[in-house]
Protein chains: 2
Amino acid sequence: MNAADTRHRILMTAMELFWEKGYGSTSIADILSRSQVHSGSLYHFFPGKQDVLVGVLEMYRDGIGEMLLAPNWEGVDDPIDKIFALLAGYRTHLIVTDCTYGCPIGSLALEIHEPDPVVRELMAANFTNWSTAIAGCFDAAADRLPPGSDAKALGEFVLTVMEGAVMQARTYRDIGYFDRNIAVLRDYVTTLLAAAKRDSFA
Amino acid sequence: MNAADTRHRILMTAMELFWEKGYGSTSIADILSRSQVHSGSLYHFFPGKQDVLVGVLEMYRDGIGEMLLAPNWEGVDDPIDKIFALLAGYRTHLIVTDCTYGCPIGSLALEIHEPDPVVRELMAANFTNWSTAIAGCFDAAADRLPPGSDAKALGEFVLTVMEGAVMQARTYRDIGYFDRNIAVLRDYVTTLLAAAKRDSFA
DNA sequence: GTCTATATACTGATAGAC
DNA sequence: GTCTATCAGTATATAGAC
């Protein structure tokens, strides 16, 4: 068991636990027992609990492409389809966890009320990576959207809808709330596409 | 200082603290010191900390009309305007707190990962009251919306957008994220109104 | 109903042998 | 780098006098 292994195992375990129970409700003892690591080892790699959180947020930030986008976009070419394929990925997560687990970054963002600047900026960076990826989809479909459409704002809006939809599905323990929200978003996007088409005939 | 006063002061203080610091980070000691109540008194009224939370959630649930809707809808008659007036109220909260405090229910909903059924259902009831109020606005404007519009789903969607917009503004500490999200929602609602008008001429 | 003192459990973090 | 033992602080909750 080399050093990189131990450090990595700590981070993977912490990632799991923060997702399941949140940051505040996860104790160092929880991380130690599940990862089969002893106190001395953890504090050898990390000065304190918050530094474990920083490590986890960096993993999310650096892994968004491989861990999140690639699996959901496999075999999906149309940029608009990609947007809803990603949202479908979140739906699957909700389903397999009985509407218990949602977006880990969103949960942390609302749980930690006064985050250290380092933590806050990492959460923001995660949001930016996410909404920028969606903005890229809107950019790729720019010729099918009304002229002057703000891809960045639309990317942020899709993130907003995902987070809100997850929040409601979790609170009600009912996937119907997620589905209805995504259906409204779908209606909006359809409307944008139709408006652009209508204008192009005018 | 009569009993009702003490109980009420505990709940008002807890409401403040849960909003500022969250549920987990608020200790009973915090509530006691700020409310100037002693341990024995609090435990006389509430069996435990979670029961204080239940009391707070009941206050939100019972006070949504007087505390939230009435102030934001004063002098606003048009149902569509009411929707955006309520959202403007959340914007004001963000502004006066330097983008620190958002929706108290949303924060609790994402902070508490495994809530007791009582707590979860009270959070859900708060969401339902909110989105039902908005659905009422869409109902009142039904004749200006495309036929067959789902007012309930639209009410839930507006809640979603509010929560997501607040989450991003808080995480970035930047009201611009809130404003852009609401602007996109405004565009969507405008589109709905225009589509209905166009259809009525067809 | 209010107040003080305190029980008990658990928290993040540390010291020092190996 | 790993392991054990443990510290000091704080959490929720309680007991019992008034």
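Naming: A, B, ... by sequence-line order, numbering from 1 per chain.
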All N/O donor-acceptor pairs, side-chain side in residues 136-145 of chain A, below 3.5 Å, sequence neighbours left out:
residue : atom : partner : partner atom : Å
R144(A) : NH1  : D78(A)  : OD1          : 2.9
R144(A) : NH2  : D78(A)  : OD1          : 3.3

Please list, one pair per line, the donor and acceptor atoms closer than 3.5 Å that link side chains of residues 44-52 of chain B to other protein atoms, with sequence neighbours excluded.
residue : atom : partner : partner atom : Å
K49(B)  : NZ   : Y23(B)  : O            : 2.9
K49(B)  : NZ   : T26(B)  : O            : 2.8
Q50(B)  : NE2  : D116(B) : OD2          : 3.3
D51(B)  : OD2  : G48(B)  : N            : 3.1

* Once each nucleotide of nucleotides 12-18 of chain C is scored for protein heavy atoms under 4.0 Å, what B/S/- sequence comes out, 5' to 3'? -> SBB----

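Remark: Y60(B) engages no residue in a ring-ring contact (aromatic ring centres under 6.0 Å, His included) (not counting sequence neighbours).
The nearest whole Å value for the distance from the CZ atom in R9(B) to the P atom in dG1(C) is 14 Å. In this structure, the CZ atom of R7(A) is 13 Å from the P atom of dT2(D), given to the nearest Å. Computed from coordinates, the I10(B) CD1 to dT12(D) C1' distance equals 15 Å when rounded to whole Å. Put simply, CG on L42(B) is 14 Å from P on dG1(C), counting in whole angstrom units. Atom C1' of nucleotide dA13(D) and atom CG of L32(B) are separated by 11 Å, given to the nearest angstrom.
Nearest to the side-chain atoms of H44(B) among the listed nucleotides dT4(C), dC3(D), dT2(C) stands dT2(C).
The salt bridge (charged side-chain N to carboxylate O under 4.0 Å, His left out) analysis of residues 28-47 of chain A, with sequence neighbours excluded, yields the pairs E16(A)-R34(A), E20(A)-R34(A), K21(A)-D30(A). Identified under the salt bridge (charged side-chain N to carboxylate O under 4.0 Å, His left out) test for residues 165-191 of chain A, with sequence neighbours left out: R91(A)-D179(A), R180(A)-E156(B).
A side-chain donor from one of T128(A) and Y172(B) sits under 3.5 Å from a side-chain acceptor of the other.
Regarding contacts with the backbone of dT2(D), a side-chain N or O of T6(A) is found under 4.0 angstrom from either OP1 or OP2.
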